[in-house]
Amino acid sequence: MRNYFIRFCNKIVRHTNWYNNIYWGGVSKFWRQNTFGLDVVNLGSGPALYSFNYEENKKCANWALWPQSLVHDYNILRNYFSYIKEGGYVLIVISPFSCLKKIYDQKHNFKYYTFLHPATIQNFDDKERTRALMIKANPFGQMPVYCVKQTIKEVLRKIKKMLFPPKKDIQKSADAMMSGWLKQFEISDLSAPLSEKHLTEQESRKKTLIEMVNFCKERALKPVIVIPPMHHSLSLMFPPEFKTNYIDAFLSGIDVPVLNYMNEVLMDKEEYYQSALFLNEQGARVFTKRVLKDIGIYV
């Protein structure tokens, strides 16, 4: 009877948003990855996660996670490239600050233990891997009180959202996003050249990007770099010098197609966005069709 109860509770927990998208950061899609011969996959962080919707294209997959760096993208690619068909496309999605290093703590690594090979996990900890696999297999059995609390909180949040629908404020989200970036990367002037520290980071990230591109080409895959759209309330905050220093310099000399939609007029409709940086489902469907057309498939 007790085992039946635990299995029942596990079933409920595995269908919650907090468990799949908050606790595990959305990696459960890799637990279910079983489609081979994929035509297109995209990597990336938050903007990529919300920019691509392949509901109409079953031979495509969104492998983005949020938050995530290029190094993590590369590790996912190395683990799962065999699911992509020969000649398939790998969309390497970058954001305005992808060229800089982001500091991720041990907690961030936790989700990767459930689907990546140990050799590709930074600062690997065998005890943490064991704990992650135990929670994945039996979440309620491993942390019953936490599961109950988080599930109740999720139900209450849904009720609150139904009774008091949140108002979308694109400009406010743009201000918050830019403020967060400047603080995170310790930047005071977006027009100024990169600091010595940031130049070193950019060179390191560029090496990773080149390795990803070469990895794809060596396996007869087609890499394409994609810069997703953002609402003009955010894109207008980036001066021309920023594109030169943070994007053009980062991508210079890398022999792959680059699709830059950062200032895409056709995607600059508020109805497409849930925030200044993230597309909503409608926007993602429109953008996905645009990208697939631009790379020459599903026209």
Side-chain angles (χ1 to χ4, degrees), residues 25 43-51 64-77 91-109 112 120-123 170-215 223-264 275-278:
L43 305 167
S45 188
L49 180 64
Y50 292 103
S51 289
L65 296 173
W66 183 43
Q68 185 153 277
S69 70
L70 276 175
V71 174
H72 294 102
D73 284 344
Y74 187 22
N75 289 335
I76 289 174
L77 179 63
L91 307 182
I92 303 172
V93 183
I94 67 169
S95 302
F97 296 96
S98 288
C99 68
L100 303 183
K101 285 189 176 181
K102 301 176 183 179
I103 304 301
Y104 295 108
D105 57 20
Q106 188 73 5
K107 184 179 179 181
H108 179 77
N109 267 348
Y112 295 107
T120 59
I121 297 177
Q122 296 177 319
N123 303 314
I170 298 294
Q171 184 61 58
K172 184 178 180 179
S173 70
D175 294 338
M177 184 61 65
M178 180 57 71
S179 177
W181 275 331
L182 296 180
K183 182 178 180 180
Q184 179 181 10
F185 297 111
E186 299 178 337
I187 298 172
S188 58
D189 185 358
L190 292 175
S191 298
L194 276 69
S195 65
E196 288 297 321
K197 174 177 177 290
H198 286 158
L199 282 172
T200 300
E201 292 177 357
Q202 187 179 75
E203 188 62 30
S204 174
R205 283 292 179 258
K206 188 169 185 175
K207 288 180 180 178
T208 299
L209 183 56
I210 291 172
E211 288 179 9
M212 293 174 69
V213 168
N214 291 338
F215 183 92
V224 177
I225 294 173
V226 177
I227 304 175
M230 59 179 67
H231 191 263
H232 71 268
S233 60
L234 182 58
S235 64
L236 291 177
M237 294 183 181
F238 293 97
E241 294 85 357
F242 175 89
K243 181 178 182 295
T244 300
N245 296 328
Y246 287 81
I247 298 178
D248 294 344
F250 180 47
L251 301 180
S252 67
I254 299 179
D255 186 23
V256 295
V258 176
L259 302 178
N260 187 348
Y261 303 96
M262 187 171 170
N263 298 292
E264 177 57 54
S275 71
L277 184 64
F278 298 153

Check: Quick one: does R205's side chain get under 4.5 Å of S69's, heavy atoms only?
Finding: yes

Check: If only atom types and distance count, is the side chain of S252 paired as donor or acceptor with the main-chain N or O of A249 below 3.5 Å?
Finding: yes

Check: If you count the non-hydrogen atoms of other residues, nucleotides and ligands that lie under 6.0 Å from NZ in K206, is the total more than 12?
Finding: yes

Check: With distance as the sole criterion, is a donor-acceptor pair present between the side chains of Q122 and N109 under 3.5 Å?
Finding: no

Check: Closest heavy-atom contact between I94 and I227?
Finding: CG1-CG1, 3.7 Å

Margin query: For K101, is there any backbone N or O sitting under 3.5 Å from a side-chain donor or acceptor partner on E201?
Written below: yes

Item checked: Pairwise distance CG(L199) to NZ(K197) - rounded to 0.5 angstrom -> 11.0 Å

Note to self: Evaluate F238 against N263 for side-chain contact (heavy atoms from CB on, under 4.5 Å), listing each step before the verdict.
What the structure shows: CA-CA 10 Å; F238 293 97; N263 298 292; over 6 Å; no

Notebook entry, point to check: Which atom pair, heavy atoms only, marks the closest approach of D73 to G44?
Noted result: OD1-N, 3.2 Å

Check: From L182 CG over to L190 CG, what is the distance, rounded to the nearest 0.5 angstrom?
Finding: 5.5 Å

Notebook entry, point to check: Can you find a pair of side-chain heavy atoms, one from N75 and one from Y112, that are under 4.5 Å apart?
Noted result: no

Note to self: Can you list everything that forms a side-chain contact (heavy atoms from CB on, under 4.5 Å) with A174? Sequence neighbours excluded, please.
What the structure shows: Q171, S233, L234, M237, A276

Margin query: So, taking the atom named OG1 in T120 and the one named CD1 in I76, what distance separates them when rounded to the nearest 0.5 Å?
Written below: 9.0 Å

Check: Does any non-hydrogen side-chain atom of S191 lie less than 4.5 Å from one of F242?
Finding: no

Margin query: Could you check whether any side-chain N or O of N245 sits under 3.5 Å from a backbone N or O of L194, counting only pairs where one atom can act as donor and the other as acceptor?
Written below: no

Notebook entry, point to check: Are Q68 and L49 close enough that some pair of their side-chain heavy atoms sits under 4.5 Å apart?
Noted result: no

Checklist line | Validation row: I92, L77 side chains within 4.5 angstrom (heavy atoms) | finding: no

Note to self: Is it the case that atom CG in D255 sees more than 12 heavy atoms from other parts of the structure closer than 6.0 Å?
What the structure shows: no

Check: Are any non-hydrogen side-chain atoms of L209 and L251 less than 4.5 angstrom apart?
Finding: yes

Next item on the list: Answer whether the closest heavy-atom distance between the side chains of F278 and W66 falls below 4.5 Å.
Entry: yes

Item checked: OG-CG distance between S204 and L70, expressed to the nearest 0.5 angstrom -> 10.0 Å

Margin query: Check this for me: W181, atom CH2, are more than 12 non-hydrogen atoms of other residues, nucleotides or ligands nearer than 6.0 Å?
Written below: yes

Checklist line | Nearest-0.5 Å distance that lies between atom CG in L43 and atom CD1 in I225 | finding: 11.5 Å

Margin query: Are F250 and F97 an aromatic pair, judged by ring center distance below 6.0 Å?
Written below: no

Notebook entry, point to check: For the side chain to side chain contact (heavy atoms under 4.5 Å, CB included) test, which of P96, S51, S275, S95 pairs with M230?
Noted result: P96

Checklist line | Taking every non-hydrogen atom, the tightest pair across L65 and G25 | finding: CD2-O, 3.4 Å

Notebook entry, point to check: If you measure only the distance, is there a donor-acceptor pair under 3.5 Å linking the side chains of H232 and S235?
Noted result: no

Checklist line | Interatomic spacing from CG in N123 to NE2 in H108 - rounded to 0.5 Å | finding: 11.5 Å

